[in-house]
Number of protein chains: 2
Amino acid sequence: MANIQQIAKRAGVSVATVSRVLNKSTTVSPKTRNKVEVAIKELNYEPSMLGRNLRNSESRLLLVLLPNIANPFYTEIINGIQDTAIARDYNILLCETDSKPERENIYFNMVKNKLADGVISMDPTVNMQKLNELAEHYPVILCSEYEENGDIPYITVDSELAAYQAVKHLIKLGNEKIALITSDEKYLYARLRRAGYERALEEFNIPIREEWIYHTKGLEFQYGVHAMRILLQQEIEPTAVFAISDTLAIGALKAINMEARDQEPIAVVGFDNISFASMTNPTLTTISQPMYTMGCRATEMLLSRIKKEKVENIVLDHELIIRESTML
Amino acid sequence: MANIQQIAKRAGVSVATVSRVLNKSTTVSPKTRNKVEVAIKELNYEPSMLGRNLRNSESRLLLVLLPNIANPFYTEIINGIQDTAIARDYNILLCETDSKPERENIYFNMVKNKLADGVISMDPTVNMQKLNELAEHYPVILCSEYEENGDIPYITVDSELAAYQAVKHLIKLGNEKIALITSDEKYLYARLRRAGYERALEEFNIPIREEWIYHTKGLEFQYGVHAMRILLQQEIEPTAVFAISDTLAIGALKAINMEARDQEPIAVVGFDNISFASMTNPTLTTISQPMYTMGCRATEMLLSRIKKEKVENIVLDHELIIRESTML
DNA sequence: AATCAAATTGTAATCGATTACATTATATAC
DNA sequence: GTATATAATGTAATCGATTACAATTTGATT
């Protein structure tokens with residue numbers, strides 16, 4: 001592949017002029033510009049990003065940190081991030097940490113040594129101390145999961161309110177025996193969603209029963225199945241369930257289906273509105289976050305940060321999507 | 001962030017010596033090495049990849065082309081690619097083309113101008129002509145989807161054989177009225193899977209009925225639902241269905257469930273063994289490709305290519321995973 | 001034709017690393 | 001102590017672009 005010197009030689013001009021043509025500088029005469037463009041075509045030249053980036057000390061690459069790409073919750077957010085980034089001539093690097101600190105380090109180092117211009121973290125398992133350190137010197141945005149009273153700008157939804165509304169929906173349908181499937185409460189979103197669940201129950205004077213609150217070890221489907229099985233073995237069986245994520249809710253549906261019960265159906269509400277939520281049997285009532293928008297706005301925030309501009313935290317609106325799982 | 005000059009100054013040595021320490025050259029005395037390491041610690045130095053990469057003219061970044069990350073088929077392959085890449089000190093850039101040629105161009109250019117060292121394409125919609133051009137000068141590997149008699153090395157499974165076995169399984173269960181849900185046959189894998197379907201039927205002297213072969217417009221769930229609805233409206237209803245992808249098969253299951261039929265259950269077989277295949281109701285019988293392995297091997301092939309080594313095409317073994325959808 | 005401002009183009013430093021080659025320090029042999 | 005081999009370190013070119021500044025060309029004006 002040719003370099004800028006060869007183009008300059010071929011066009012009979014200096015490298016500076018070639019660079020001016022590449023960067024659309026106006027101070028190039030049409031005649032010269034044409035000569036250069038011809039040379040570029042003839043030699044099939046593409047400017048080296050490495051050279052350019054080194055000189056400009058930017059890479060136009062953004063890192064997106066997430067625990068794993070298999071989680072369908074992230075896909076729409078990523079689409080938003082990607083579209084916004086590309087429109088602004090940036091590219092994104094999806095960084096799967098698998099919740100492993102070594103991985104995290106690799107990616108943080110990419111930022112430190114200029115291989116990437118900034119980070120959007122969607123990883124609830126991220127080492128916040130390290131991330132805060134990074135954020136002191138480099139642009140970082142938190143998306144979805146965030147730190148209350150932290151210094152890193154974030155974009156999220158009001159999980160507490162959303163959970164409250166989800167549970168209120170179940171109550172309005174006549175349910176009083178409402179179980180909660182939640183995950184490890186070291187994650188802020190889990191604590192907030194539980195808080196919303198409790199607020200709804202309290203508002204309607206329904207006592208909170210600990211035996212109807214199940215804590216899973218992870219967010220995957222099979223934990224949802226397991227949780228629901230345990231809940232169905234309780235002395236008094238719940239008539240409805242709120243799960244703090246769709247994958248858990250879909251697991252719960254499976255467990256309910258497998259019981260081949262002839263009683264009243266158990267209502268289920270999830271959280272996230274992943275694409276599979278509309279493919280299950282029954283389809284799943286859930287809280288929809290504006291994920292695409294969230295990705296877009298997060299990226300805009302990051303790009304502002306990269307330009308050293310101040311950014312404000314954002315809380316986006318959510319929506320309750322009612323489907324078959326609360327209509328049977 | 002400090003640079004190599006500042007480290008050299010602080011340690012009282014030349015930049016060459018610092019570089020030697022960084023690159024673990026043996027020709028540095030323990031004393032000097034120590035001085036340099038102390039300076040690196042003190043200034044919290046991280047070498048710039050840009051400088052290093054420019055000089056070495058490599059980026060240690062691999063591109064992974066795929067139509068969209070939301071497709072669960074790719075997730076395990078990506079895990080394999082990622083693990084292998086990281087183990088060899090490479091990183092991967094997931095490139096979602098959304099089947100848009102502009103996007104494709106952006107990524108091809110990254111390779112041409114040295115921002116990436118090679119490409120693994122898993123995108124059946126890729127512009128093969130352009131990819132072939134790229135492959136003349138840069139390392140490229142095809143993963144899963146490939147070109148028969150093409151020049152680009154590939155890794156895949158035997159789709160025809162797998163489909164044949166899937167359909168044979170349905171026949172052995174006593175089915176004779178077996179429908180096929182396939183996609184646009186411009187994709188090689190679709191043609192091969194159909195061929196396998198036909199071979200199985202022919203072997204057992206079952207006539208091929210065109211009205212039981214439905215061509216969808218896409219691979220998404222809702223196309224599967226639609227296809228199955230049409231098939232259920234045929235004069236003679238099929239007793240079993242083979243879908244060329246799990247998302248289509250899961251759609252078919254949904255359509256069958258919705259009919260609330262009291263007849264014999266319809267057996268369904270999918271293809272890919274995506275993670276959701278074990279979460280559906282009933283769980284899905286499907287063909288499992290060794291996706292993680294495929295990702296690993298593809299990456300190894302690409303790294304060999306980068307080192308200018310010759311590589312051979314690979315055809316991996318598949319497996320029929322029998323679940324509830326063919327056991328009811 | 002001479003003058004001068006504006007437009008165009010060129011020269012060379014720069015970004016941060018690596019490395020061939022030159023130089024200096026150290027160890028060994030006599 | 002001197003010569004020589006070897007180990008350690010330094011000097012400076014290099015990768016491919018951008019850009020401040022300098023130099024040159026162009027064109028308008030008198």
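Numbered from 1 within each chain, the chains take letters A, B, ... in sequence-line order. Both backbone and side-chain heavy atoms feed into the values below; hydrogens, waters and symmetry mates do not. Since the model is a prediction, treat every value here as computed from it, not as a measurement.
Here the side chain of B/Ser29 is nearest to one of D/dA8, D/dG10, D/dA17, namely D/dA8. Ranking C/dG16, C/dT9, D/dA17 by closeness to the B/Ser48 side chain, first place goes to C/dG16.
For B/Gln129, the side chain to side chain donor-acceptor pair (under 3.5 Å) criterion is met by B/Glu133, not counting sequence neighbours. Not counting sequence neighbours, the partners of A/Ser19 by the side chain to side chain donor-acceptor pair (under 3.5 Å) test are A/Asn23. Applying the side chain to side chain donor-acceptor pair (under 3.5 Å) test to B/Glu300 and every residue at least two apart in sequence or in another chain returns nothing. Applying the side chain to side chain donor-acceptor pair (under 3.5 Å) rule to A/Asn56 yields no partners; only residues at least two apart in sequence or on another chain are considered. For A/Tyr138, the ring pair (Phe, Tyr, Trp, His ring centres under 6.0 Å) criterion is met by no residue, not counting sequence neighbours. Every ring pair (Phe, Tyr, Trp, His ring centres under 6.0 Å) that A/Tyr189 has, sequence neighbours left out, goes to A/Tyr187.
When the nearest nucleotides of DNA chain D are assigned to B/Arg20 and A/Tyr45 by heavy-atom distance, the more 5′-ward of the two goes with B/Arg20.
To the nearest 0.5 Å, atom CG of residue B/Leu93 and atom CG of residue A/Leu94 are 8.0 Å apart.
Rounded to an integer number of Å, the gap from NZ of A/Lys35 to P of C/dG10 is 7 Å. Across the protein-nucleic acid pair, B/Asn3 atom CG and C/dC15 atom P stand 8 Å apart, rounded to whole Å. In this entry the distance linking NZ of A/Lys24 with P of C/dT8 reads 17 Å, nearest Å. Per the geometry, CD belonging to A/Gln6 stands 8 Å off P belonging to D/dG16, to the nearest Å.
Residues of residues 8-19 of chain B having a heavy atom closer than 4.0 Å to DNA chain C, listed by number: B/Ala16, B/Ser19. Within residues 50-62 of chain A, the residues having any heavy atom closer than 4.0 Å to DNA chain D are, in order of number, A/Gly51, A/Arg52, A/Leu54, A/Arg55, A/Asn56.
Residue pairs satisfying the ring-ring contact (aromatic ring centres under 6.0 Å, His included) criterion with at least one member in residues 53-98 of chain B, sequence neighbours excluded, are absent. The salt bridge (Lys or Arg N to Asp or Glu O under 4.0 Å) contacts involving residues 50-69 of chain A comprise A/Glu58-A/Arg60, where partners must be two or more places apart or lie in separate chains.
Axis angle between the ends of the helix from C/dA1-D/dT30 to C/dC30-D/dG1, five pairs each and rounded to 10 degrees, works out to 50°.
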Enumerate all atom pairs, one protein N or O and one N or O from nucleotides 24-28 of chain D, separated by less than 3.5 Å.
none

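Of the residues listed (B/Asn68, B/Asn127, B/Thr125, B/Asp123), the one engaging B/Ser99 in a side-chain hydrogen bond (donor to acceptor under 3.5 Å, both in side chains) is B/Thr125, and it is the only one.
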